[in-house]
Structures are given as C-alpha cells and as structure tokens.
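In what follows, chains are A, B, ... by sequence order, proteins preceding strands, each numbered from 1.
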Number of protein chains: 6
Amino acid sequence: MTSVFIDELDASTYAAYAARPGSTLIIPTGATEQHGPHMPLGVDAMLSKDIAAAVAQKLGALVAPGFSYGYKSQPRSGGGNHRTGTTSLGATALMALTEDVVSSFMTQGFENIVVLNGHFENYQFLYEGIDNATAKMRSAGSRARAVLLSYWDFVDDDTLARVFPEGFLGWDIEHGGVLETSLMLLLRPHLVDMSRVENHPPATLTAYDIFPEDPARTPDSGCLSSATGATADRGQLLLDAITGSIAHALRGELAEPSVLT
Amino acid sequence: MTSVFIDELDASTYAAYAARPGSTLIIPTGATEQHGPHMPLGVDAMLSKDIAAAVAQKLGALVAPGFSYGYKSQPRSGGGNHRTGTTSLGATALMALTEDVVSSFMTQGFENIVVLNGHFENYQFLYEGIDNATAKMRSAGSRARAVLLSYWDFVDDDTLARVFPEGFLGWDIEHGGVLETSLMLLLRPHLVDMSRVENHPPATLTAYDIFPEDPARTPDSGCLSSATGATADRGQLLLDAITGSIAHALRGELAEPSVLT
Amino acid sequence: MTSVFIDELDASTYAAYAARPGSTLIIPTGATEQHGPHMPLGVDAMLSKDIAAAVAQKLGALVAPGFSYGYKSQPRSGGGNHRTGTTSLGATALMALTEDVVSSFMTQGFENIVVLNGHFENYQFLYEGIDNATAKMRSAGSRARAVLLSYWDFVDDDTLARVFPEGFLGWDIEHGGVLETSLMLLLRPHLVDMSRVENHPPATLTAYDIFPEDPARTPDSGCLSSATGATADRGQLLLDAITGSIAHALRGELAEPSVLT
Amino acid sequence: MTSVFIDELDASTYAAYAARPGSTLIIPTGATEQHGPHMPLGVDAMLSKDIAAAVAQKLGALVAPGFSYGYKSQPRSGGGNHRTGTTSLGATALMALTEDVVSSFMTQGFENIVVLNGHFENYQFLYEGIDNATAKMRSAGSRARAVLLSYWDFVDDDTLARVFPEGFLGWDIEHGGVLETSLMLLLRPHLVDMSRVENHPPATLTAYDIFPEDPARTPDSGCLSSATGATADRGQLLLDAITGSIAHALRGELAEPSVLT
Amino acid sequence: MTSVFIDELDASTYAAYAARPGSTLIIPTGATEQHGPHMPLGVDAMLSKDIAAAVAQKLGALVAPGFSYGYKSQPRSGGGNHRTGTTSLGATALMALTEDVVSSFMTQGFENIVVLNGHFENYQFLYEGIDNATAKMRSAGSRARAVLLSYWDFVDDDTLARVFPEGFLGWDIEHGGVLETSLMLLLRPHLVDMSRVENHPPATLTAYDIFPEDPARTPDSGCLSSATGATADRGQLLLDAITGSIAHALRGELAEPSVLT
Amino acid sequence: MTSVFIDELDASTYAAYAARPGSTLIIPTGATEQHGPHMPLGVDAMLSKDIAAAVAQKLGALVAPGFSYGYKSQPRSGGGNHRTGTTSLGATALMALTEDVVSSFMTQGFENIVVLNGHFENYQFLYEGIDNATAKMRSAGSRARAVLLSYWDFVDDDTLARVFPEGFLGWDIEHGGVLETSLMLLLRPHLVDMSRVENHPPATLTAYDIFPEDPARTPDSGCLSSATGATADRGQLLLDAITGSIAHALRGELAEPSVLT
C-alpha cells in the first residue's frame, strides 16, 4: 500500500517514513465557504489538498488530512461570514486544532511540518498554533521545524502577467475569481459550471472592516471579481508556478526531504 | 451540480436546501489513528463518511466535511495514543471545533444536525460541543435540533450473530478487528491488505486506565483483536444493518427530513 | 490523629505518608444529581467516597476530599441534566479541576493517584484531566502514576447473577436502580426511603442522544429502572465484590502501596 | 427525609423548596490546606460548612455541597502554596467551578445564592465566577440574586476584644491561629490536638508578595500566629457573632428567605 | 476639564458625550517592539495614539487609552519576536483584551468604536475580539458598530510617490523604515536619533514563515529597510494623507460623529 | 537617548540594561475608572505610572508601559462596575495579559520584575498571572524573580496620621478620596478640579458583595469618601512615604538593582 496521503497508508509504512532523517509532512488547510454560483463550497480545501499532493510528489513528502473548516470568512477577502454556505471556526478552535495536530505529528518523529494554507483568513491563527506547538516541542527536546505558507504567495510576476493579461488587480479580490476558478477547471473540472459565472466588475473594497458585516457590500454572486477569464490552461500555468516555486523553497529550507519508497 | 456532499455543492443549491423545512445535515467524525498493519490510518474518518453518505441518500439529507482528527486514542478502545500514526486532538480543541461547526450550520438554517461518530473516544467531547452549541442557538431563538450517535450502536443482535458466528466479544476489542475490516473490505477494498492480518488472540483489557500509558499492553499489531474473519460479505451485512437502523431512527426523530432534488 | 481521610489529618502526619515509597491517594468523584424519590442528591458522591475509604483501608492508602459536582447528567445514563436537583459542571470546569488537583497531589510526593469515579458521565473528562496532569508532571521529572476507574466496572458476573437473579439489563439503566440503592441501603440506610420506590419498567433508551433533551423520555421517577429489588444484603455482595476487586487490581498495578501507620 | 444539606435530600423535597419564593441556598467554599501541626487539612472546608449550616438553620435555608479545594495558598495569608498538605486550584478552575455551580442552582429556581467563603485566597475568583454566572442568568431572564461573603468579616469589635484580650493583630496572621483553632475546638474538637500547638511569635509579613515563594518566611509550624489562646468558649463567642451577624445581613438583603418545612 | 483623551476627562463630561447620538471613540493599538537603533520601543503605540488624536480632533471624537502591548512580532513584518525589546502578547490575551474593552465601551453607550491599529501583526486578533464583542452586544440589544483599520492602509498612491521618490517597495519592509521614522521625526522628534540610522539594503523576505524563527534573517539593525530617507516633511505628507483619509472614511461610515464641546 | 520609560528607549540601550546583573523593571498597573466629578478616568493608571517612575529613579530601574485597563470595579472598593467611565477587563483577560507580559520581560533577561499596582481590584489576578509566568520561566531554567505590591500598602502610620488628622477610616473608602486626590494634586494638578469635590459622608459599606450590583449603594459622586481635605502638600507626604518605603523594600529584596547609565 502506498499513497502520498497518510490516511491511505498503514501505520507501519507511515512509521518507517516518519522515522527517517528529513521526513516531511504537508498539512493542507482550507475552509467550507461559498465560492459563487459556479464553484462548490470546498474550493479552498480542495485546492490546498491538490497543491499539497503535487508538492509532496515533487519532494517525496507525505500529505496529512486537511482542515476542512477555516476561520471566519471576512468581507474584504472572502465575501463575509454572513453568506450561506460559509461555515467557520472561531480563532480559539482553529488555533487549538493547529497546535494539537502539529504537536502530535512532531511527537511522532516528523522533522519537517509544512502547513500549506488555501484560505486567506486562516493565516495568523495557523501562525499562532504552529508557534505554540513549536515552542512546546522545543522545550521537550524536539528539533522539528515547521513552515507556514499560503499558496498564492508563490505565483511569480511572469505567470501573473500571463494569467491576467488585462492586468492583475490584487489577491484580495480573487475570491471566486480567475485564480481559483482556473485551478478548479484544471483539477476538479466536474465541479465547475462556467455557464453560471456572472460578469460583474470587481468589488470595491474598503480599506477597513466594519462590524457587524454589511451584506450589501458583497456582490450578489458572492465572488469579489468575475471568473470570466478562467481557463484550465491558465490553471496549469498557475499550478506549475505554484508547485514549482513551493518545492524549490522547501528544498532550500528543509535540506533533504526524505522520500517515501 | 448535485452531490450528497456539501463541499461539492455550489452555494445556491446548498442554500436552497438549508432553507427547507426538515433540512438535515450529517457531520461524520473520525480520527487519524493506527489500525494495524492491514488497514490505513483513515479508517474511522472513511467509515463515518461512507456510512453518513449512505444514510443521507436514504433520507435525502446532506453530508458535511468530516472531522479527520479525533480525541486521543485510549488503550482500552483504540490501542493508545502512543502508537505512531495516531494523531490526536485534546478535549478543548475537539469541543471547540464541534461547537463552532454545529453552531455555524444551525445559523445557516439547518433544522436537523446529525453528528455520526466513527471513533469511540470522541463521544463525550462531541456531546459537550453539541450541547453548548444547542444551548447557545436556543437562546438566540433557533429551533434547530441535533442528534449524536456512534454507528456501531446500531448493529442489531441478529447481525452480530451472523458476523461473529463464534461469538461476539464486545465492541471494546473491535479496534482494527472484524467489524472495521469487513466494512473497509466492502467500502475501500484497495486500502486493505488481508495478507498482513495477524492472527492473535483478543487483547486482555483491564477494567481501568493507567497514566502514563503502558505500550506493552497493546498487541504488537496495534489491533485489539484479529481481523481474520473479516469479509466484504460481512461488511455488507453490517452496512445494511447500520444504515437501515440509523435511517429508521432518524426518520422517527426528525419527522420529515427534506430531500435535496 | 489518624484517619483514612486526608482532610482529617494534620499536615505532618500527611507529609510523612506522602513522602514514603508507594504512597497512594484515592480521589473519589461523584455528582449532585437527582436519584429518584427514594434517595438523596448525593448518592454518587457518597458511594464513591465510601468505596474509596473501604479500598483505602484494604490497601493502607489515603482518601482525598471528593468531587461533589460532576459532568452534566445525560438522559441515557442519569436521566438528564434538566431534572431539578441535578447540578452540573461543564467539561472545562471538570477537566481543570481534575488536572489541578491531580497535579497538586503529585507535586506533594504521592507516587500513586487513584481517581475512583462514581458518576458515569465524568469518565472522559477525568481522563483528559489526569492525562494532562500526568504529562505535565512527567515533563517536570515526576515519576508519579495514576489510575482511573469507575467502581461498577469491578462487579464480576457471579455477583451480578446473585444481585440480579431475574437477569441484569445493563449498567446504563442502573441510575437510581438496584445497584445504587442496595449500596446506599448498606452504607447510608437513613438516607433511603424504600417506601417511595416506584415499581416501573426499565426506561427504553435510544441508541443515540438528542439535543435539546426531551424530558418526556425520562421516567417520572427520575430513575432509569426500579429499585424494587434492592436490599442491604445485595449491597454487601456488591461492596465486597467491588472493593475486593479494586484492591486486587491496584495491588497488581501499584506494587506495594505504602501503609499509613 | 429532611436535612439542611441538599446532598441528603431527595429530589422531590429539594425541588419543592427551590420553587418557593425566597428560596435560599448557601454554598460553603474552603480549601485543602495545611493548618499547622495541631489541626487537620480540612479546616477551611469544615468551618465554612459548619457556619453555613448554622446560618441556614437560622434562616430556613439549605446548604449545598462545599468546595473542598481552593485557590493557591498565599504566603501572607495561608503560609504559601509550597507547604505539603496544601492542595490548590488555579484561578481558571476555581472560576469555572463557581460559575457553573452558581448558574446551575439559579437555573433550578433558587432566588438567592449565598457563597460563604472560608479561605481568604478564594474571594476574588469566587467574585468573578458569581459575577459571570449572574450576568449570564440575567440575560436569560432570571431574577436570581447572589451574595458573596467571607465569614470572618462578620466578627464585630466587641467579640474581637473578648477573643483577643491582649489585642487583635489582624486577620492576615490568623491562619492556624486563635480564630480558626477556637472554632475547631468548638465544632470538631476531636480533630484538634492542643498539645501540638507551638508558641511562637506572629509571623512578620511583608507588604508585598514575591515570586517564587520563599519557604523560609513561613514559620516552621505553618501557622502565621500561635493558637495558644484558643478555647472552645472563644469559639462559641466567635460562632455566635458570626452566624448572628451573617443571618441578620442576609435577612436584610434577601427579604424573606423561604423555610424548608 | 477637556481633552481628546478620555483618561484625562472626568466621568461626568465623559458620560455626557457617550450618551449622545453618534458618540465615537477611537482605541489606538500598538506594541512594545524594537524599531532599530534610532527609534524607541514605543513607536507603534505612539504613532497609533498620535494619529488617533489627530483623527479624533477632525471628527470631534474621543480617544481611549491605547494597547501598549501587541501580538508577537513576526520576522516578515516586524523583525521577529526573538529581538530584545520586543515584548509580546499571545493571541488569547490580545483577543480577550480587545473583546472586553470593546464590549465595555459599547455597554457605556458609545455608538461607534474605531480600533486604529499601528502594529501589523495585531490585525486578525483585533478582528476576532471586535467580532465577538459586537456579536455579544448585538444579542444583548445594542446597536453599536465598530470599525477596524490599520493606518498605513490610508496612504494614497500620490503620497507614496512623494515619500518614496525612488519607488515604494512594499509595506512589509517598512518596519523601522522611512514611513515610521518620518512620522516619528514629525511627532516625537526628541525620540529619534538619525545619526544611528544604518544604511543597509532592504531585507530579503521569504514568501513563508519558519518555526522556530531564524534570527540570522533579520538585519542586524532590526529594521527591514533603512530609514535614510526619512524627514519630518515626509512625515507631514504622510500624516496629512492618513488622517485626512481616515477621517473621510469614518465620516462616511459613521454618518454624524458627535462632537465633544 | 535616555529615559526611565522603556517605550522611550532604543532597543540597544534597553538590551544593554536588561543583560546586566540586577536588571530591574517596574510594570505599573491601573484602570480606566470613574473617580468622581473632580478627577479624570485615568487616576489609577497615572498614579501607578508616576510612583513607578519615582521608585525607578531611586533604584536606577526602568519602567514598562503600564496596564491602562484593570479588573472590574467592585462596589466596596471602586464604586462598582456599572458606573459610566469604568471600563474593565474580565479575570481571564487580565491574567493572560499579566502572564504574557511578565514572561516576555523575563525571557529578555530582566532579573527582577516589579508589578506596582494602583487599582485595588487587580491584585489577585495579577498574582495569578505572575505566579504562572514565574513557574513557566523557572521550568525553562530562568532565575528571574518578581515582586507584586499595591502602593498604598506602603503608607506608614505616621504619614497616615498627618494626612488624615481627623482619623483614617480605612483604605476601602479611599476611592476618589483624600489619598488619590492629594497625589493627583501633586502630580497632575491640571487634571483635578477641587471646586467639583462634593462634601458627603463616607459611604457605608456592607461586609459582603451582592450580585447584580445595586447602583443605589454608591454615592452619587462616585467617590466612596469626600476629597475635601486633599492638598498637594499631603500628596507630597504620601508620595515621599510611598516611594521611600517601596524603594527600601525592593533594595532589600533585590539586593543590588542595576542602574541605567
């Protein structure tokens, strides 16, 4: 039995890998969040899982079960937590989940833990969870290390120019837009219905947040920009750039990730 | 786009279902835990997900993304938390995760939430999370209800007699044994390697727990009994009994679950 | 001054005992919970205290002040948390109480801590508290150990057959039934009024929990089965079996418990 | 069955009382703490329980199971948390315990909850727990009220002059001294051994606390002053003053406490 | 007595303002964090306070005592939490502080609460605290609203071009750089020593975070870019742009902020 | 750049001081709380800061940014938490804030941390925070120590007699009274308006607390006694006594506090 996903591995195979020098585990983190009328609720969880698997294959690393629920969707990056379909964790739950899972994997012998984030709002709470786990494990004598990243931070300017020929307007409005839709068209095409994409202008975002949320500020579609230009080809450009760049970075950070054979 | 799994549904389809009278959502909860040399780490998460889907199809209900990580494996039901492959949450994380997710789904309009548990150790912490969520939602005016169950509690005596013709020794030793292996042989056969099943006597369990755990008391295989007698046919007997019985119970409790059309 | 109860011991006598090899302390945990019209609210706290004292005397161990309040009464084991008289802790309070008390006793030198539970619903939260305390103390260099048990798990089949000649129907319906009432008739007879025992059939329990609780599913008496057959003689059979069996198990686990002289 | 202690009452009797206008419940709070060589560890729990019972009898109120464990003993009021025999809770546990217990009793119908404190260090954490419980219950529509007091605050100057004819030096040094010992000689004489009282001068307390504690600043006896002058007669003076004064105050605050008949 | 700072106002004046329609309170949030050899530890707290005061004067609003301590400094925005002088809160403390303070001000009658952030790492934890406070207050019937912003998000492109004539390289490297130093030269010139500014190239930041932090990746100066180009004139450009733009945005959001007269 | 306040020091100067043997840091803790019609909301924060600075100058120590928000004002010491202007933290927030800040400073090298309290209600929560921080740091190998004090505990009887020639009635009624007003007249005279002092008798305080608070028991002024006798001269007497006595005590406790040069 072999797989890049640890939930499909038996304990012996898994234990043998975890005990090797350079053993590396990638934890994908997403959300359950509306992504417009043309894409399913699981986009963030699916993309982080698929990208994690692609990176793991490049490195010879393994992939842990992902986080299916994420921090509250915020209006300026995900359309807001008031939209039906968006199912969220508070900060305390997400931090505790992260700290426990990262500590547990470090205890089992992994030398490198990579948390690969696919939901913008998660980042700081993942940071706190990993930081606390690492501090606890260090004080218990572990030498394990961790890396935290969001996959879109690995898209280079050249790729951006090819995917957004009319100009890139910023990651904040990409919720349900060309980036995510192109990747989904490539990776999970049966879950995308391009006929339902609405062609509306990008959302005008304020430079601040208001409480309680004002539903009127999120476009009806739930997307912060239109996915009209999304194609599987653009998805391939993005996926190649992202996985190549993440793998390159991790090779540099982690020296020699071990390979599961 | 239609699916029993909400992460594969678009937000509009999902919202329309959640708003209906009798809307019902099943949340499967499992664990990442060693299950012997012949089965993968994801057994509890996979079985709870598959059973949830089968029940949902009978009822016309939906299935939420499951909990991939569960409470600490205990020696008397899961072999113990010290085994490599077993990756666990503390009580605080699991309770917070449960409370937030259940509250969030209730807020979105579901009238019935069913938490379908596949990892013995989770039960009381799921209970606390659901109880707190329900109390909070009731005080906010919601009329939503919730049900908590573990799937093995729905195996009737007749089925038990057919699956364990030599006599049933108790659920506590079924970790990695005939029950789980038969279901996996039916539902995820490519992830089971019967040639690696060890034929050892059932573990002798104490009537108490000790701290810290004593690894010597768990059989080397990590299973509390041998899966030698497991077959896909027995898995089918179990699955039919379990899903039939759960669906019957839920129909009684929830009156008319709405059907996604 | 000598007593098996530490709250009746002066600090010098106590400290001398705690410092000995094999020093053993039993912490009884109960609840404040309705137990039908014929028994007082303190049944679980009283029985766990009395059994702890009897075991301590056999072993030469000491008994700590018990936990008078327990986790929320659940309908399938205690009639439910909605009944007047039932006064409960949430999980967080019970786990924190357990962790702090166990840590504190370990810090003072006890080598063996036994938590003797008398309220079904407490078990998993006691487990978490003890597990966290043990982990913390181990990382601080302590070699102390702990044992967690519920007293009814030590009733052997032979005793069961003598106490329930018409057949034993399961521990779940024993709330306010023959087991507890017989023990109370033996140990605290002035607090039992057998003339108020109602002769109703055992409660029909579901295989699942519902939220919020449905008061109609608990018998009016608050008992899950009738205590009609309870006698002090049966209480003596039970007490002998329970204390003998617990003492035997602890002697095996704890090697040589020290004796307070 | 009748008793001032609710753990000795059956649920029906209890429920009938709780439902009456003016129903009043007293919760005694103590500690498990060294009290010198002449007194047992349970002094604070015993005295708060006995005083609560005496007050309850004057008022016709009931007494709940007390808190046997209290906040960390502080050097300037209890000799310090480093002394063997002193078994303490952190703030979080004590606050959660208080909030849950007070909320639970208010939910059951009590109109007046009195927390009667017998361990100096508990006060502010009890305050927080009661304040949070009251706020929560008020927002749920309850009109229940609560009172928090420490029993020594009800000793009047005249009594003080009679109990301490050589002059009263302040409550802070009374740990294990004349006040507590006199009350114990009256209420639990078999647990006091006056032959072991050490005649040492009162401890010289600093005006500040240091961390970590310095064991050298606590007298070897563990008492902050000598109990040499303690007698049961003085205990009677104190008890009369305390219970009379508390009952008087509660009658004024709570209007007409209901009487259990 | 009049002041824009509430800690300098008497309770009567304050209460009269809070009770008015449109009453608005600004809470500045900063950090205690190293800012290179040329600036003091209090830069984030000072700048958020001064900017809040300037905005409050434009609006007629008040300013609350600021948060002097912030979330852990992160290497990619503040040089990292390992640097001496950087004194940080964990997420739990910062979220609790925010929730309590915002709730408390809303309870006192303020209709508008503005949290004006001056430390990048704080944002998501402030968000969670404000979101929880707002939800709690809404369920208690309050109509108060809140706004969260970071002041640098209000610098327009034109100002940016004038302050960074050689090109703006991104906010992430502005820790201890031209932005903060220019503002300090304008607002607290006696606390800046330009002779100690080091002329080093901007830090090369990774696209990810590593745990534990690697001190070697932060420039020796502790600044992520050099403040060589900082001047009070540029500070004035920035201050005018920031305060004008924030005041404009708040006027739009909050309708008519009340004026303290 | 030199200052007794660390927020005005650059990181290099600060780090050099923290690394010295005997390095000492004082953290002032106050509140935002109504102090009658004649004084501002910041009295507790201002006085603790000013006294900390005066003590630091005597010792050669440094002063950290203070805590501007404190625990809930209690009716018997601060007039109560219901008064407008009183802005408070719950226990959890204050304890977490204290633990994190004290830990953080100890990690940076300070050998002595002094928490100088200016708000009565804070004390026990500061105690818990410091105790937890110290325990954590000790287990991590630190030898740092901490001191906790409230400044009014350092006023000697002689000074008391001179400041209160008509007799001192107890610290509990000094909220907004002669002590605080005299110190403010000395230290921040522009923030005191003696013409608004009301001449009312001292509040009659109960020996217990009630929940919820009864606003009618606090004098309309918000002060628990009248500040009529307050003068700057009396403030000087108090300040000299307090700072002299604290400095003397700290010199004794901390051996040789290092001096910032």
Side-chain angles (χ1 to χ4, degrees), chain A residues 71-72 74 76 81 88 90-92 94-96 99 102 106 112-117 120-135 137-138 143-156 205-214 245-246 249-250 252-254, chain E residues 71-72 74 76 81 88 90-92 94-96 99 102 106 112-117 120-135 137-138 143-156 205-214 245-246 249-250 252-254:
Chain A
Y71 183 68
K72 299 168 187 171
Q74 292 169 285
R76 297 162 66 199
N81 209 42
S88 304
T92 300
L94 181 54
M95 299 189 309
E99 181 174 336
V102 170
M106 286 181 171
N112 303 307
I113 302 292
V114 178
V115 178
L116 191 153
N117 181 39
F120 181 84
E121 291 86 339
N122 287 344
Y123 199 88
Q124 289 291 80
F125 307 105
L126 298 171
Y127 189 99
E128 173 75 352
I130 301 170
D131 193 59
N132 289 343
T134 309
M137 294 305 298
R138 290 270 150 166
R143 305 312 301 166
R145 301 178 68 215
V147 170
L148 171 62
L149 60 90
S150 292
Y151 73 77
W152 50 82
D153 286 334
F154 289 79
V155 180
D156 58 296
L205 301 179
T206 56
Y208 50 87
D209 281 293
I210 59 170
F211 306 83
E213 296 182 355
D214 177 4
S245 184
I246 294 176
L250 293 179
E253 280 297 337
L254 309 178
Chain E
Y71 183 67
K72 299 167 188 172
Q74 292 170 286
R76 295 162 66 198
N81 210 41
S88 304
T92 300
L94 181 54
M95 298 188 309
E99 182 174 336
V102 171
M106 285 181 171
N112 304 306
I113 302 292
V114 178
V115 177
L116 191 155
N117 181 39
F120 182 85
E121 291 87 339
N122 287 344
Y123 199 87
Q124 287 292 81
F125 307 106
L126 298 172
Y127 189 99
E128 172 75 352
I130 300 169
D131 193 60
N132 290 342
T134 308
M137 295 305 297
R138 291 268 150 167
R143 305 312 301 164
R145 300 178 68 216
V147 170
L148 171 63
L149 61 89
S150 291
Y151 72 77
W152 50 84
D153 287 334
F154 289 79
V155 181
D156 58 294
L205 301 179
T206 56
Y208 51 86
D209 281 294
I210 57 171
F211 306 83
E213 296 182 355
D214 177 3
S245 185
I246 293 176
L250 293 178
E253 280 298 335
L254 308 178

If one checks every heavy atom of A:Glu213 against chain E at 4.5 Å, the contacting part turns out to be side chain

Counting heavy-atom pairs under 4.5 angstrom with chain E, the leader among A:Asn132, A:Ile130, A:Asp214 is A:Ile130

Flag side-chain contact, heavy atom, 4.5 Å: A:Glu253 against E:Tyr208
yes

Could you pull out the closest heavy-atom pair between E:Pro212 and A:Ala144, with the gap in Å?
CD-O, 4.4 Å

How about E:Phe120: does its CZ atom have over 12 heavy atoms from other parts shown lying under 6.0 Å from it?
no

Out of A:Val114, A:Leu148, A:Asn117, return the one with the most heavy atom pairs under 4.5 angstrom to chain E.
A:Leu148

Shortest non-hydrogen contact between E:Met95 and A:Ala91, atoms and distance
SD-CB, 3.5 Å

Hits for side chain to side chain donor-acceptor pair (under 3.5 Å) against E:Asp131, two or more places apart or cross-chain, chain-then-number order -> A:Lys72

So which of A:Ile246, A:Ile210, A:Leu149 has the biggest tally of heavy-atom pairs under 4.5 Å with chain E?
A:Ile210

Turns out that what part of E:Tyr127 lies under 4.5 Å from chain A's heavy atoms comes down to both

According to side chain to side chain donor-acceptor pair (under 3.5 Å), who are the partners of A:Glu99, at least two apart in sequence or on a separate chain?
none

What's the shortest heavy-atom distance between E:Asp153 and A:Ala207, and which atoms?
O-CB, 3.8 Å

Are A:Phe125 and E:Gln124 packed together at the side-chain level, in the sense that at least one heavy-atom pair is separated by less than 4.5 angstrom?
yes

Output the distance between atom CD (E:Glu128) and atom CD (A:Gln74), rounded to the nearest 0.5 Å.
9.5 Å

Audit row: E:Phe211, A:Ile113, side-chain contact (heavy atoms from CB on, under 4.5 Å) steps and yes/no
CA-CA 10 Å; E:Phe211 306 83; A:Ile113 302 292; over 6 Å; no

Let me know if A:Arg76 has heavy atoms under 4.5 Å from chain E in its side chain, its backbone, both or neither.
side chain

